[in-house]
Structure formats: structure tokens, C-alpha cells
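All of these numbers come straight from a predicted model, not from anything done at the bench. Index from 1, following the sequence.
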Amino acid sequence: ACLAGEVFWIQTPTGRGTISMALTINLAAVITLPPAMSFPAVALSTLIVGIYPHRRPLHRALFNAAQSVLACSAAFTVLKLLTPAHDPLAVMKTTPWPALFGAGAAFFLVNTGLVAMAIALKRGQPFIAAWLENYGYGFELACTVAMISLTGFVLMAYEQIGPTAILFLLPILAVLWWSSAREAQSRRSLRVRDSEENDDSMRLAG
């Protein structure tokens with residue numbers, strides 16, 4: 001399931017990072033499995049898909065796998081802090097939404113923050129600017145909230161019908177992926193058009 005979620009990916013509006021639809025499944029894995037199982041599952045799926053079909057250089061694939069483990073750790077820590085009796089697995093039974101959203105927000109912020117930091121260091125731009133233009137715009141934040149919400153419903157469905165609940169999740173992730181891809185492409189086209197207009201203005205001024 002983590003592999004399937006990682007396959008749904010798009011480039012950020014700047015083309016310098018990627019956005020994955022795996023948040024829902026990765027978060028569900030952190031909640032339903034102990035760290036000794038969920039962390040390797042998330043890391044290996046990120047590494048495998050990074051190598052193929054994404055065909056990233058090995059150092060980037062390893063970086064993405066490592067950052068996914070850090071994101072899982074952050075999510076698990078928040079779950080332990082916000083779940084009654086400090087039992088993250090209780091989320092499956094009670095689904096306390098504040099804990100779920102807290103863990104999802106931690107996963108998202110660590111995951112995207114590390115990528116934005118790498119982009120900022122490479123381009124010599126402020127970290128906040130790199131994060132905002134790649135991940136911090138309204139549509140992507142709304143998609144993230146939707147994916148975290150979807151995790152709660154997946155957990156409830158998992159309790160009722162078992163692992164086959166994942167099969168009903170994939171079409172919804174596909175719709176979110178398609179919508180997010182269209183928004184990113186629209187923003188990318190706008191950036192290109194603005195850049196061309198600025199170049200034309202500079203040539204005329206010169």
C-alpha cells in the first residue's frame with residue numbers, strides 16, 4: 001500500500017521538488033503498526049519508488065527515504081503525546097481527530113520542510129520562500145488536510161472490513177493526485193509566463 005501511494009507523485013510548481021500522495025497510507029501505517037514495522041515499510045517504499053519508476057539519483061532516493069523515517073518519527077511522537085494513555089494504537093479504536101491531525105501535520109511539515117531546506121541550500125534562497133512556493137500554497141495545504149482526514153476514514157473502514165479498505169482508498173488518492181497535478185502545472189505555467197514577461201520588459205528597458 002505504501003508503494004502504491006508513492007507511485008502517485010507530481011513535481012512541485014517550481015519543478016525542484018516532488019509532492020507524494022502517500023501521506024494517507026504512511027500515516028495509517030504509523031498508527032496501525034509498531035515503529036519496527038511501519039518505519040521500514042515507509043522508508044523502503046520511498047527508496048524503491050525513488051529508484052524506479054521515478055529514476056532519481058541514488059543519493060536523492062536515499063535522502064528521501066531518510067527524511068520519510070524522520071517524518072514518521074515526528075508523527076509517532078505527536079501521536080504518543082496526544083493519544084490517551086500514551087497508546088498510539090488506540091487511535092484505531094477511538095480515532096481522536098486532534099491526535100490524527102497533529103500527527104499528520106507533523107509528518108507533512110517534517111517531510112516537506114527537509115526538501116525545502118535542501119532546495120533553499122542549493123539555490124541560496126530563504127527557507128520560508130522555498131517552502132511556500134513548493135508546498136505552502138493554499139491548494140496543496142487543502143489537499144494535505146484532505147489526505148489526513150482520509151486517514152481517519154481509512155482506519156474506521158479498516159476496522160470494519162480489514163486490509164481491503166486500502167483498495168477503496170486508491171481511487172480517491174488518484175483524484176487528489178490529478179487535482180494537485182493540474183494545480184501545480186497551472187502554477188508552473190504562470191511562473192514561466194511571468195518570467196518571460198519580465199525578460200521582455202528588461203530587454204525593452206535596455
Side-chain angles (χ1 to χ4, degrees), residues 2-27 30 39 42-75 103-148 150 173-203:
C2 291
L3 279 170
E6 288 291 344
V7 168
F8 291 109
W9 71 283
I10 59 172
Q11 285 189 326
T12 60
T14 66
R16 303 184 188 106
T18 58
I19 298 170
S20 170
M21 298 292 110
L23 171 59
T24 295
I25 299 175
N26 290 347
L27 185 57
V30 170
F39 289 17
V42 173
L44 284 174
S45 64
T46 305
L47 179 62
I48 291 169
V49 174
I51 295 173
Y52 185 84
H54 296 177
R55 300 181 185 277
R56 296 190 182 109
L58 182 59
H59 70 279
R60 286 190 59 191
L62 290 171
F63 172 80
N64 290 337
Q67 77 180 29
S68 70
V69 173
L70 293 176
C72 286
S73 300
F107 190 103
F108 172 76
L109 290 174
V110 171
N111 196 32
T112 60
L114 288 172
V115 178
M117 187 179 298
I119 294 172
L121 290 173
K122 183 176 181 179
R123 295 185 55 80
Q125 69 177 138
F127 164 75
I128 294 297
W131 186 81
L132 287 174
E133 66 182 9
N134 284 280
Y135 301 104
Y137 54 94
F139 190 90
E140 182 56 31
L141 294 177
C143 281
T144 299
V145 171
M147 285 190 285
I148 297 173
L150 195 56
L173 288 182
V175 171
L176 289 174
W177 168 79
W178 179 78
S179 301
S180 187
R182 285 177 60 88
E183 177 67 16
Q185 179 59 46
S186 175
R187 287 176 171 270
R188 193 176 303 119
S189 298
L190 183 61
R191 287 173 60 87
V192 171
R193 185 164 62 249
D194 289 344
S195 177
E196 291 175 347
E197 290 176 353
N198 289 336
D199 289 344
D200 291 340
S201 298
M202 292 180 65
R203 282 196 294 269

Quick one: does [X]'s side chain get under 4.5 Å of [Y]'s, heavy atoms only?
| X | Y | answer |
| --- | --- | --- |
| Cys72 | Phe107 | yes |
| Leu114 | Leu70 | yes |
| Arg16 | Lys122 | no |
| Ser180 | Glu140 | yes |
| Gln125 | Glu133 | yes |
| Leu150 | Leu173 | yes |
| Ile25 | Glu6 | no |

Should the pair Trp131 and Phe108 be assigned to parallel (<30°), tilted (30 to 60°) or perpendicular (>60°) ring geometry? perpendicular
What closest approach, in Å, do [X] and [Y] show between heavy atoms, and which atom pair accounts for it?
| X | Y | value |
| --- | --- | --- |
| Asn134 | Ile19 | O-CD1, 4.1 Å |
| Ala120 | Ala130 | CB-CB, 4.0 Å |
| Ala43 | Ser68 | CA-OG, 3.6 Å |
| Ala74 | Val110 | CB-CG2, 3.6 Å |
| Ala103 | Leu27 | CB-CD1, 3.9 Å |
| Gly136 | Leu141 | O-CD1, 3.6 Å |

Evaluate the criterion side chain to side chain contact (heavy atoms under 4.5 Å, CB included) for residue pair Ile48 and Leu3; output intermediate values, then yes/no. CA-CA 8 Å; Ile48 291 169; Leu3 279 170; 4.1 Å; yes
Atom [atom1] in [X], atom [atom2] in [Y]: separation rounded to 0.5 Å?
| X | Y | atom1 | atom2 | result |
| --- | --- | --- | --- | --- |
| Thr14 | Tyr135 | OG1 | OH | 8.0 Å |
| Gln67 | Thr46 | CD | OG1 | 8.0 Å |
| Thr144 | Leu23 | OG1 | CG | 6.5 Å |
| Phe39 | Leu44 | CZ | CG | 13.5 Å |
| Ser20 | Asn111 | OG | CG | 7.5 Å |
| Asn64 | Trp9 | CG | CH2 | 10.5 Å |

Identified side-chain hydrogen bond (donor to acceptor under 3.5 Å, both in side chains) counterpart of Thr18 within the set Arg60, Gln11, Arg56: Arg56
For the side chain of Thr12 and the backbone of Gly17, is there at least one donor-acceptor N/O pair under 3.5 Å apart? yes
With side chain to side chain contact (heavy atoms under 4.5 Å, CB included) as the criterion, how do Leu47 and Leu62 come out once you've worked through the C-alpha distance, each side chain's angles and the decisive distance to 0.1 Å? CA-CA 6 Å; Leu47 179 62; Leu62 290 171; 3.8 Å; yes
Check: Glu183/Ser179 side-chain N/O donor and acceptor closer than 3.5 Å: no
